[in-house]
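Here is the structure we will look at.
Owing to the predicted nature of the structure, the values given are computational and were not obtained by experimental measurement.
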Amino acid sequence: MKWQTCGVMLVVVSVLCGAPQSRVAGAPALLASGVLRIGTYFVNPPFEYVSHGARVGFEVDLMREIAARLGLRPEFVGTRWETILSEMRAGRYDCIVGGITITPAREKILAWSRPYMTTTLSLVVDAGRNPGIRAISDLKGASVAVQAATTDADVARRMRAEGTIGSVKVYPFDRIQDAMSDLEAGRVTAVMKVYPVARWLARQRPGLKIVAQVPDEPQPIGIGFSKADPRLVSAVDRALAAMQRDGAYAGLARKWGVA
């Protein structure tokens, strides 16, 4: 499927299950501690970030609501993107979030909720510095910044191999703001990120603009779990489905600009 330039497809995936309810039946028995330990990293706005000393974001609110519907108390545990998947596999958390794209490789090591959002990879440029860049076809020879160990980096390397872009500059995951500063300074031509993050970052800096979406690279985003915990995965899916039916999910999506 081809994406329209500067457009975005944001699909909220409906999960069909029982009658609408605010609490998920039987959920309190899932975790004896009564606590839902959620691993994440607070450097990924608007999903999770720190504002005025508080941990905020779309997935922060989302997981608080899910935990409430499961009769559990959410406990967020900060970590790094580079280690979160292996830490989840080792059982350090009950689940993980972080605007994480569900991929076949990640499905081999973890269980996943049904995607609650499918978005795109977006390309941000400095429109004043590069007014001629209006589409992916204008990026031949361009340097594109990405974060390490992400689907963004995988796609950018493929685009470089195909000759669509000129080079890839990889930043540590928590240095995305450095990438945006380098974009403003002309040290890179574009930054690639999933649309909600790209949109949020571009709005923080005058002159930056999303000019294109990468075609045929949908990004389904979900919640990761241990493969040994299928009951928790099912309960979270039911809670997400209830939120989608009763409008709670749509309200959070509007609040954080991911809809």
Considering all heavy atoms, the nearest [X]-[Y] contact:
X: V125; Y: A190; value: CG1-CB, 3.8 Å
X: M192; Y: L121; value: SD-CD1, 4.0 Å
X: T40; Y: G98; value: OG1-CA, 4.0 Å
X: M180; Y: L201; value: CE-CB, 3.8 Å
X: T150; Y: R106; value: CA-NH2, 4.2 Å
X: P196; Y: M117; value: CG-SD, 4.1 Å

query = According to a 4.5 Å side-chain heavy-atom criterion applied to Ile, Leu, Val, Met, Phe, Trp and Tyr, with indirect links allowed, do V35 and L31 form part of one hydrophobic cluster?
reply =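 No; tracing contacts between hydrophobic side chains, which count when under 4.5 Å, never links both residues.
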Please tell me if the side chains of [X] and [Y] come closer than 4.5 Å, counting only heavy atoms from C-beta onward.
X: L240; Y: L62; value: yes
X: V97; Y: I38; value: yes
X: L139; Y: T164; value: no
X: I133; Y: T189; value: yes
X: I66; Y: R69; value: no
X: M63; Y: I223; value: yes
X: F42; Y: V60; value: yes
X: K209; Y: V124; value: no

For [Y], does its backbone N or O pair with a side-chain atom of [X] as donor and acceptor, under 3.5 Å?
X: S234; Y: R231; value: no
X: D94; Y: R37; value: yes
X: D126; Y: G128; value: yes
X: K255; Y: D61; value: no
X: T120; Y: Q213; value: no

query = Yes or no on salt bridge (charged side-chain N to carboxylate O under 4.0 Å, His left out) for R158 and E217, after CA distance, side-chain angles and deciding distance?
reply = CA-CA 12 Å; R158 189 207 72 210; E217 289 292 343; 2.3 Å; yes
request  = Apply side chain to side chain contact (heavy atoms under 4.5 Å, CB included) to W200 and N44, showing your working.
outcome  = CA-CA 10 Å; W200 193 94; N44 195 41; over 6 Å; no
Distance from [X] atom [atom1] to [Y] atom [atom2], nearest 0.5 Å?
X: I165; Y: I136; atom1: CD1; atom2: CD1; result: 9.5 Å
X: Q244; Y: Y116; atom1: CD; atom2: OH; result: 11.0 Å
X: I210; Y: S122; atom1: CD1; atom2: OG; result: 4.5 Å
X: S226; Y: R92; atom1: OG; atom2: CZ; result: 15.5 Å
X: L123; Y: M159; atom1: CG; atom2: CE; result: 5.5 Å
X: L252; Y: E59; atom1: CG; atom2: CD; result: 11.0 Å

request  = Would you check, one step at a time, whether the test side chain to side chain contact (heavy atoms under 4.5 Å, CB included) holds for V144 with S167?
outcome  = CA-CA 6 Å; V144 175; S167 62; over 6 Å; no
Members sharing I100's hydrophobic cluster (side chains within less than 4.5 Å) =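 Hydrophobic cluster check, I100: joined to Y41, V43, V77, W81, I84, L85, M88, Y93, I96, I102, I109, L110, W112, F173.
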ask   = Does a salt bridge link K193 with D152, judged by any charged N lying under 4.0 Å from a carboxylate O?
value =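 Yes, this pair counts.
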inquiry  = For D178, is there an ion pair with K169 - N to carboxylate O distance below 4.0 angstrom?
reply    =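 A salt bridge is absent here (no side-chain N lies under 4.0 Å from a carboxylate O).
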Qualifying residue, where the test is salt bridge (Lys or Arg N to Asp or Glu O under 4.0 Å) with D182 and the options are R129, R187, R205, R175 =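 Testing D182 for a salt bridge (Lys or Arg N to Asp or Glu O under 4.0 Å) against R129, R187, R205, R175 leaves exactly one candidate, R187.
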inquiry  = Is there a side chain to side chain contact (heavy atoms under 4.5 Å, CB included) between V170 and R157? Walk through the geometry before answering.
reply    = CA-CA 10 Å; V170 180; R157 290 190 181 99; 3.6 Å; yes
query = Do F47 and W256 have their ring centres less than 6.0 Å from each other?
reply =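 F47 vs W256: aromatic centres not under 6.0 Å.
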query = Has R203 got more than 12 heavy atoms of other residues, nucleotides or ligands less than 6.0 Å from its CZ?
reply =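 Open: at most 12 neighbouring heavy atoms sit under 6.0 Å from CZ of R203.
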Worked verdict on R64 versus F76 for side chain to side chain contact (heavy atoms under 4.5 Å, CB included) = CA-CA 10 Å; R64 284 174 177 158; F76 291 92; 4.0 Å; yes
query = Who pairs with T101 by side chain to side chain donor-acceptor pair (under 3.5 Å), at least two apart in sequence or on another chain?
reply =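 Listed in chain order: Q219.
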